[in-house]
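Below, chains carry the letters A, B, ... as their sequence lines are ordered, and counting in each starts from 1.
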2 protein chains.
Amino acid sequence: MNIGLLCFITHRAMETRVMAALAAAGFDDLTLAQGRVAARISPGGTRLTALAEQAQVTKQTAGFLVDQLERAGYVRREPDPADARARLVRMAPRGEAAVAVARAAEAEVEKEWTGHLGPGEIERLRAALESLRELTDPYR
Amino acid sequence: MNIGLLCFITHRAMETRVMAALAAAGFDDLTLAQGRVAARISPGGTRLTALAEQAQVTKQTAGFLVDQLERAGYVRREPDPADARARLVRMAPRGEAAVAVARAAEAEVEKEWTGHLGPGEIERLRAALESLRELTDPYR
DNA sequence: CCATTTTGGTACGATCCTCTGACTAAATAT
DNA sequence: ATATTTAGTCAGAGGATCGTACCAAAATGG
């Protein structure tokens, strides 16, 4: 089977598990699209344009999703001291809490996968995918 | 980085390339969602319910997308001789042509990736993902 | 320093995708 | 023969995404 489709299956399995864990922990108002944008917010805050670029959606879509995240209390926007036009999207406490749950779910799933493949093979898999990012990820 | 996200990046890269190749070959009316459903149609034809299950969308969504594929001439629906309620979704000639283009694009991308990782490592990657399907793909 | 271009972001409208709920008809099970 | 399951459709709604058009601040180039 083609590697792209195999990656899709694997990715979707992880995403489904993480979303389920979030919902179970009370973060049941988060959507997939919101999560994909939120996952790109760095600790120091990230500009909307950067989020859009990394998530590969338009500025409008990213703005739309950040609006929702803000209304739901996951993130806040602060003025960017370096540029009066821009604002930094930052995690709010509720967002930090959701991130912690998501990270734990990811770790749990990876543990299961490691149990299936073995630790050496999992690391080899990760290394191969990381290496492919040089070809596949323009926003590394 | 977490393996789920790495798979997402890899998958999206493949999908983008395939869609671009299809568009360049004149199949520019195909959408991603249509393609994901169409990719599950087997040579002997596939029932709508089976497509929905495998693509992990509802029957309604699958029906909606197949309607569009049918109107655009990519697929046709035929009565299922084994069940009067059901119909088999089959590729039409235009669909077969698109599949050929998609397959060629996939092969091209995999070739590039093989050039980057080496043939041994690519096969190891594929084998690991295939093995993970036992955990990640309920519709294998 | 001023004009031009680039960059960060918003507003509006349209389209696409997806789901829930309700339904029909055929097949299967009891 | 009746009840249940299965294949599929219809109608309606909400969410996600994009294209076009804008505005304002910053950078660039005389």
Side-chain angles (χ1 to χ4, degrees), chain A residues 8 12 15-16 19-20 23 27-42 44-72 74-90 139, chain B residues 8 12 15-16 19-20 23 27-42 44-72 74-90 139:
Chain A
F8 177 53
R12 186 172 53 186
E15 200 169 53
T16 302
M19 290 305 292
F27 304 109
D28 55 349
D29 52 346
L30 268 175
T31 68
L32 227 60
Q34 289 165 20
R36 285 179 190 156
V37 165
R40 301 294 192 153
I41 298 173
S42 70
T46 308
R47 287 187 190 172
L48 190 63
T49 308
L51 288 179
E53 199 172 64
Q54 290 167 27
Q56 292 190 34
V57 296
T58 58
K59 293 185 292 182
Q60 297 91 309
T61 298
F64 175 77
L65 295 168
V66 168
D67 280 349
Q68 297 173 191
L69 287 167
E70 193 173 24
R71 247 178 288 130
Y74 289 102
V75 308
R76 50 179 197 272
R77 292 194 232 218
E78 295 174 358
D80 183 341
D83 190 330
R85 295 167 303 176
R87 286 192 289 170
L88 292 175
V89 180
R90 272 202 149 87
Y139 304 102
Chain B
F8 177 53
R12 186 172 54 185
E15 200 170 52
T16 303
M19 290 305 292
F27 304 109
D28 54 350
D29 52 347
L30 267 176
T31 68
L32 227 59
Q34 288 165 21
R36 285 177 189 158
V37 164
R40 302 292 191 153
I41 298 173
S42 71
T46 308
R47 288 188 190 172
L48 189 63
T49 308
L51 288 179
E53 198 172 66
Q54 289 166 27
Q56 292 190 34
V57 296
T58 60
K59 294 184 293 182
Q60 295 90 316
T61 299
F64 175 78
L65 294 168
V66 168
D67 280 349
Q68 296 173 188
L69 286 167
E70 194 174 23
R71 246 178 288 128
Y74 288 101
V75 307
R76 52 178 195 274
R77 294 194 232 218
E78 295 174 359
D80 183 341
D83 190 330
R85 295 168 301 177
R87 287 191 287 170
L88 292 175
V89 181
R90 272 203 148 87
Y139 305 102

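- The CD atom of B:Gln56 sits 18 Å away from the P atom of C:dC17 (whole-angstrom rounding).
- Residues B:Arg40 and B:Thr46 are not in side-chain contact: their nearest non-hydrogen atoms beyond the backbone lie 4.5 Å or more apart.
- The distance from atom CD of A:Glu70 to atom C1' of C:dG9 is 13 Å, rounded to the nearest whole Å.
- B:Glu53 places none of its side-chain heavy atoms less than 4.5 Å from the side chain of B:Thr49.
- The residue among A:Lys59 and A:Leu32 whose nearest nucleotide of DNA chain D is located toward the 5' end is A:Leu32.
- Place B:Asp67 and A:Gln68 on DNA chain D by their nearest nucleotides, and B:Asp67 ends up nearer the 5' end.
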Report summary line: Encoded 5' to 3' (Watson-Crick or G-U under 3.5 Å; [ ] crossing; | other strand), DNA chain C becomes ||||||||||||||||.|||||||||||||
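- To the nearest angstrom, C1' of C:dT15 lies 14 Å from CG of B:Leu65.
- Using a 4.0 Å heavy-atom criterion, one finds that B:Asp83 contacts the sugar-phosphate atoms exclusively.
- One interatomic measurement links the two molecules: CG of A:Leu88 to P of C:dT7, which rounds to 18 Å at whole-angstrom precision.
- Here the range on DNA chain D touched by chain B, meaning any atom under 4.0 Å from one of its heavy atoms, is D:dT6 to D:dC10.
- Nearest approach of B:Ala38 to B:Leu69, heavy atoms of both residues: CB-CD1, 4.0 Å.
- Taking each heavy atom of B:Leu88 and B:Pro81 in turn, the nearest pair found is CD1-CD, 4.3 Å.
- Taking atom CD on A:Glu53 and atom P on C:dG8, their separation rounds to 9 Å, with Å as the unit.
- Across all non-hydrogen atoms, the minimal contact from B:Asp29 to B:Ala72 is OD2-CB, 3.7 Å.
- C:dA26 atom P lies 10 Å from atom CZ of B:Arg85, rounded to whole Å.
- When atom types are taken as modelled, the side chain of A:Arg90 and the backbone of A:Val75 share no donor-acceptor pair closer than 3.5 angstrom.
- Within the model, atoms CD of B:Gln60 and CG of B:Leu65 stand 11.5 Å from one another, a figure rounded to the nearest 0.5 Å.
- Atom C1' of nucleotide C:dC19 and atom CE of A:Met19 are separated by 15 Å, given to the nearest angstrom.
- Between the CZ atom of A:Arg77 and the C1' atom of C:dG8 there is a distance of 12 Å, given to the nearest Å.
- Side-chain contact check for B:Arg47 versus B:Asp83: some heavy-atom pair is nearer than 4.5 Å.
- Between B:Glu70 and B:Arg77 the shortest heavy-atom distance is OE1-NE, 3.1 Å.
- Among the atoms of the strands shown, only primed sugar atoms or phosphate atoms (P, OP1, OP2) are found under 4.0 Å from some heavy atom of B:Thr49.
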